[in-house]
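Bear in mind the structure is a predicted one, so any value in this text is a computation, not a measurement. Index from 1, following the sequence.
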Amino acid sequence: ARAFAGCESLMSVTFADGSLLESIGEGAFSGCSSLAEITIPASVTGIGVEAFAGCEGLGTVTFADGSLLESIGEGAFSGCASLAEITIPARVTGIGPYAFMDCAGLETVTFADGCELAALGGGAFSGCYSLAEITIPASVKGIGPEAFAGCEGLKSVTFADGISLETIGEMAFANCASMAEITIPASVTGIGEYAFCWCESLTEVTMLANTPPTAGGSMFDGCDALEKIYVPFGTKVAYVANEGWEPYEAIIIEVPPVAMIVTDNGATTNLYASVQDAFDSEFTANPAVTNTVTLIRDYTETKAWAHGGIGNLQGTTVLGANRPSTARLDLNGYTLTGGGTAIEEGTVMTALLVGPQSVLIIDDSSEAKIGAIRKSAASVNAAPLLAAKSGQLGAVAPMVYYCLPTVLNLRGDLTLAGGTIHGAPCSFGGDVVGVIGVGGQEGHITITGGEVVDCFLEGVTPSLGVGGANLELVITGGKMR
C-alpha cells in the first residue's frame with residue numbers, strides 16, 4: 001500500500017511486457033502530481049482505494065487489451081484534474097464511491113462493449129463538470145447517491161436499450177445544471193430524495209414505467225424550469241396517488257395514446273399506450289378476433305419482449321403459439337419504429353415475432369416500410385407470415401425449427417429496397433433446402449436493393465418459389481444468393 005505515494009517528481013511508470021501484476025494497492029501512486037500517463041497491464045484485476053488520487057497531471061489512463069480488471073476502488077482516480085477521457089474495461093463489475101470525483105477535465109467516459117458493470121458507486125463521477133454526456137450501460141442496476149452530483153456541464157444522460165436499472169440514488173444527478181431533459185427507464189422502481197435537485201435547466205422528464213417508482217421527497221427541488229413530467233397513457237392517477245409524485249400533479253402529463261382499435265364495422269373502441277399493449281389486449285385473450293390495431297401517431301416501440309431486446313412486438317402470444325389467428329395492423333399513414341432484430345437503416349417497423357399458422361396483415365395506403373418480421377416455432381402447415389397491401393420490406397428472418405418457409409402473401413405491390421429476406425431450411429426426403437415461397441392472388445414484388453438470401457445455413461440447396469394467379473416478381477437491382 002502507498003508504495004509510491006507522494007512521489008511528486010515521478011513522471012512515468014512502465015510495466016514489463018507480460019506483467020503478471022494482479023492488483024494496484026491502496027494509495028499506490030496517490031499524490032504523484034507529475035505522473036502524466038500510465039498503462040495498466042491486462043493482468044490487473046483490481047485497483048485499490050485512492051490508488052491514483054490527486055495525480056493532478058495524469059492525462060491518460062490506458063487499460064491494456066484483454067484487460068481482466070473487475071473493480072475500481074473508492075476514490076481510485078479522484079482529483080485527477082487532467083484526465084480527459086477514460087474507457088472502462090468490459091469486465092469491470094463495480095466502480096467504487098468517488099472513484100472519479102473531481103476529475104475536472106473529464107469529458108468522455110466510455111464503457112467497453114460487453115460491459116458487465118452492475119453498479120455506479122456513490123459520488124463516482126461527482127464534480128466532473130466537464131463531462132457533457134454519458135450513456136449508462138444496460139448491465140447497470142443501480143446508480144449510487146450523488147453519482148453525478150455537480151456535473152454542471154452534463155447535458156445528455158442516455159440509458160442503453162434493454163437496461164434493467166432499478167434504483168437511482170439520493171442526489172444522484174443533483175446540480176446537473178446543463179441537463180434539459182431526461183427519460184427514466186421503465187425498469188426503475190425507486191428514485192432517491194433530491195435525485196434531480198437544482199437541475200436548473202431541466203424542463204422535461206419522461207417516465208416510461210407504468211407503475212410509478214417509489215420517489216423520495218423533493219426529488220425535483222430547485223428545478224424551477226421544469227414544465228412537464230410525461231407518464232404513460234392511463235397512469236397519471238397512479239402517479240399522483242404516490243406520495244413522492246403528488247407534489248408535481250400540476251405538471252404530470254399523460255403521453256397521448258398510440259393506437260386505437262377499429263372493429264370490422266368501422267367503429268372505434270379502445271385506446272392504448274403502445275402497439276404491444278393493443279396487440280396483447282385484443283388478440284391474446286381471443287385470437288379469433290378480427291379487429292384492427294390502428295396507429296394514430298408516429299411511435300417508437302420501447303417495450304421489451306420475452307426473448308430479450310427492446311422495441312420488439314411479441315407475436316407468439318399475440319397471434320397464438322399453437323393455433324391459427326390473424327392480426328391486422330393499420331399504420332394509417334404513420335411510422336412505427338423500434339430496435340428489433342435485423343432492422344436495417346431506413347426501415348421503419350420493429351421486429352414482430354409471429355406464431356405458427358398465424359397471419360399478420362399490414363395495411364397502409366401510404367406504402368408502409370416494414371422492418372424485421374420473425375416467425376417462431378415450426379409448422380409444416382404454416383399460413384402466410386405477412387399479408388401486405390403495399391410498401392417496402394426490410395427484413396424477414398424466420399426463427400428456424402424443423403420446416404419453416406418464409407411466405408409472403410401480397411395484396412398489392414411490395415418493394416424490397418434494402419435489408420434482407422431470409423429463407424429457412426426445410427427437409428425434403430433428407431435433403432436440406434433453403435425455401436422462400438411467394439404466393440397470393442395478385443401484386444408485384446420488385447427487388448431494387450438489399451438481397452434475398454435463401455437460407456441461414458451454408459451448403460444447402462436454395463429454392464425460390466413464386467406462385468399466384470396474377471403475381472409477378474421483378475428483379476431490377478439488389479442481390480439473390
Side-chain angles (χ1 to χ4, degrees), residues 15 18-24 38-48 51-52 60-74 76-77 83-97 99-100 103 106-121 124-125 128 131-144 147-148 154 156-168 172 183-188 208 302-312 338-345 350-351 372 374 395 397 399 456:
F15 296 95
S19 171
L20 300 178
L21 183 68
E22 295 182 358
S23 64
I24 297 176
I38 193 163
T39 297
I40 309 295
S43 56
V44 172
T45 60
I47 297 176
F52 296 92
T60 303
V61 174
T62 303
F63 296 98
D65 290 345
S67 174
L68 301 178
L69 187 67
E70 297 176 355
S71 63
I72 298 175
E74 179 175 347
F77 295 94
L83 187 63
E85 60 183 74
I86 189 82
T87 297
I88 308 298
R91 296 185 61 165
V92 173
T93 58
I95 295 178
F100 296 92
C103 290
L106 186 61
E107 298 178 352
T108 305
V109 176
T110 303
F111 297 93
D113 292 342
C115 177
E116 299 176 10
L117 184 66
L120 286 170
F125 294 95
C128 295
L131 186 63
E133 59 184 55
I134 187 94
T135 296
I136 309 297
S139 57
V140 173
K141 294 187 179 298
I143 296 176
F148 295 94
L154 187 60
S156 172
V157 177
T158 302
F159 297 96
D161 288 346
I163 195 167
S164 54
L165 181 67
E166 296 173 359
T167 57
I168 298 174
T183 297
I184 308 298
S187 57
V188 172
L208 298 181
T302 58
K303 293 191 69 172
W305 60 318
H307 300 280
I310 296 295
N312 295 271
T341 303
I343 290 293
E344 299 290 337
E345 183 177 357
T350 182
R374 303 186 67 178
M399 297 181 67
F456 285 123

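Residues Ile184 and Ile168 are in side-chain contact: their nearest non-hydrogen atoms beyond the backbone lie under 4.5 Å apart. In this structure, Val140 and Phe159 have side chains that are not in contact, with every pair of non-hydrogen atoms separated by 4.5 Å or more.
No donor-acceptor distance shorter than 3.5 angstrom exists from the side chain of Ser67 to the backbone of Ala42, with no hydrogens or angles considered. With Ser187 contributing its side chain and Leu165 its backbone, the two residues share a donor-acceptor pair below 3.5 Å.
The distance from the CZ atom of Phe100 to the CG atom of Leu131 is 11.0 Å, given to the nearest 0.5 Å. The distance from atom CZ of Arg91 to atom CG of Leu69, rounded to the nearest 0.5 Å, is 9.5 Å. The structure places CD1 of Ile134 at 4.5 Å from CZ of Phe148, a figure rounded to the nearest 0.5 Å. In this structure, the separation between CG on Leu154 and SG on Cys128 is 10.0 Å, given to the nearest 0.5 Å. In this structure, the separation between OG1 on Thr167 and CD1 on Ile143 is 8.0 Å, given to the nearest 0.5 Å.
When every heavy atom of Leu208 is checked against every heavy atom of Pro185, the shortest pair comes out as CB-C, 4.1 Å. Listed here is the closest heavy atom pair of Val44 and Ser23: CG1-CA, 4.2 Å.
Applying the side chain to side chain contact (heavy atoms under 4.5 Å, CB included) criterion to Thr93, with sequence neighbours excluded, gives Glu116. Legend: residues meeting salt bridge (charged side-chain N to carboxylate O under 4.0 Å, His left out) with Glu85, ordered by chain and number and at least two apart, are absent. Partners of Thr183 under the side chain to side chain donor-acceptor pair (under 3.5 Å) rule, at least two apart in sequence or in another chain, do not exist in this structure.
Ring pair Phe63/Phe77 is perpendicular by interplanar angle, where above 60° counts as perpendicular and below 30° as parallel.
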